[in-house]
Structures are given as C-alpha cells and as structure tokens.
Student: 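Here it is, the structure in full.
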Amino acid sequence: MRIHHTPRRRAFTVLGNDVLRDRRLSFTARGILCYLLSLPDGAHEDARTLADKNPGLGRRGVAKALDELVALGYYVRRTTRDEHTGQVRTDTSVSDTPLGQGAPVPAPPGAGEPVAGKAGRSPQGVENPGEEPSLPEGSRAPSSPPAPGEADAAA
C-alpha cells in the first residue's frame, strides 16, 4: 500500500501513532478521539452533539465509543455539584495519553467567589440595557470607511 501525505501549513492536528493504533479501541472510538483532540480547548461536545454530527452512528453508537474511551482513560468525566445552588455540572477532559498511564489527571476547575444577584443578569444588574453604548465623541470604529467629505479633506 502506498501512503500519500499532503503537506499542511494550517488547520491540522498532530497525533502519535500510539493513539491511532491502540487496538483496545474500536475504529469508531479512535475516530471520535481524534476528532475530539482536534478541537480547541474549551469546546463543548457531548454524545448528543457528536451523534447529531454523524447521524449514521446514532447516540447509542457514540455513547458506546465514549464508554470505551472512558474505560481506557482517554476521556474523563468529572461531575460536581455547586454547594450553594445545587446545580450539577459535568466537566470532561480528553487526552492523547490514557490518564493514569504517565499523564497527569486534570485538576477540577476552581470555583470563584459567589456574586450577589440573580443568574442571567449583567454585572451591573441591568437586565436589558436597550441600546449598545456608543463610541466616545470624535472616535470612529476602525472598520468604518471615511465619510465622503473626510477623504478629500485628508488629502
């Protein structure tokens, strides 16, 4: 078999062969792992969104593949409950090395100080300010073209 590689200058992901060739994982689990590793940090993907992007596999197939990744330590779910509000949050981590096999386990996210007020309000307590604040007098957005008379005056 001849393998052809196209040189890449942008929009690519580098993965070790140990991830791509881990025979303990199904091809589906390897594909999902590679896709998840190609996403930027902070991306929001779960079984539902993954299944929606690949309807041929379905939620059950995606969930089964994610369970494989969880069992081997590539995909870690950490569920926490906020002591004050009772809200449950699940944070996930994906690694190209099974966690527990030389890779550090990610630390849980730090909690900030509670803020007074209801959820969904702006920091100033304004629910809907109505209009966006305007720019200070005499300034103009950098992307706006000059007014018809300004271009001639500047020249």
Side-chain angles (χ1 to χ4, degrees), residues 1-135 141-145:
M1 169 174 36
R2 294 189 49 107
I3 307 296
H4 299 276
H5 291 281
T6 304
R8 304 275 183 211
R9 294 176 192 248
R10 61 183 179 92
F12 65 94
T13 301
V14 177
L15 294 172
N17 286 336
D18 52 339
V19 172
L20 300 169
R21 297 179 185 166
D22 190 339
R23 296 181 136 197
R24 301 171 299 169
L25 294 172
S26 65
F27 281 115
T28 302
R30 289 183 224 178
I32 288 175
L33 177 60
C34 292
Y35 170 74
L36 292 173
L37 290 171
S38 74
L39 297 174
D41 192 24
H44 297 285
E45 294 286 330
D46 59 8
R48 178 178 291 161
T49 58
L50 290 169
D52 289 346
K53 291 178 182 176
N54 189 355
L57 188 56
R59 287 187 190 173
R60 182 172 291 155
V62 169
K64 185 178 175 184
L66 289 176
D67 288 344
E68 287 180 52
L69 297 173
V70 167
L72 294 173
Y74 286 105
Y75 189 85
V76 176
R77 293 182 186 117
R78 178 176 290 131
T79 304
T80 56
R81 180 180 297 273
D82 187 301
E83 296 174 9
H84 303 291
T85 64
Q87 286 184 319
V88 176
R89 177 185 171 127
T90 302
D91 294 310
T92 56
S93 299
V94 181
S95 175
D96 62 349
T97 304
L99 298 175
Q101 297 183 5
V105 177
E113 293 295 319
V115 178
K118 293 182 179 179
R121 292 183 179 253
S122 69
Q124 293 81 20
V126 179
E127 286 188 36
N128 186 2
E131 294 183 30
E132 292 290 321
S134 61
L135 293 172
S143 61
S144 63

Student: Would you mind reporting whether Lys64 and Thr28 have side-chain heavy atoms less than 4.5 Å apart?
Tutor: no

Student: Using modelled atom types and a 3.5 Å cut-off, is there a donor and acceptor pairing between side-chain atoms of Arg59 and backbone atoms of Ala51?
Tutor: no

Student: Might you point out which heavy atoms bring Tyr35 and Lys53 nearest each other, and give the distance in Å?
Tutor: OH-NZ, 2.9 Å

Student: Asn54 and Leu50: side-chain contact (heavy atoms from CB on, under 4.5 Å), yes or no, with the steps?
Tutor: CA-CA 6 Å; Asn54 189 355; Leu50 290 169; over 6 Å; no

Student: Should Asp22 and Arg24 count as an ion pair when the cut-off is N to O under 4.0 Å?
Tutor: yes

Student: Would you please test Leu57 and Ile32 for side-chain contact (heavy atoms from CB on, under 4.5 Å) and show each step?
Tutor: CA-CA 11 Å; Leu57 188 56; Ile32 288 175; 4.2 Å; yes

Student: On a heavy-atom basis, which atom in Tyr74 and which in Asp96 lie closest, and how many Å separate them?
Tutor: CE2-O, 3.7 Å

Student: For the pair Arg81 (side chain) and Val88 (backbone), establish whether a donor and an acceptor sit closer than 3.5 Å, ignoring hydrogens and angles.
Tutor: no

Student: Are the side chains of Cys34 and Thr13 in contact, using a 4.5 Å heavy-atom criterion?
Tutor: no

Student: Determine whether the side chains of Asp52 and Thr49 contain a donor N or O and an acceptor N or O closer than 3.5 Å.
Tutor: no

Student: What pair of heavy atoms forms the shortest contact from Arg77 to Val70, and how long is it?
Tutor: NH1-CG2, 3.8 Å

Student: For the CG atom of Leu36 and the OG atom of Ser93, what is their distance to the nearest 0.5 Å?
Tutor: 11.5 Å

Student: Are Leu15 and Leu33 side-chain neighbours, meaning at least one heavy-atom pair lies under 4.5 Å?
Tutor: no

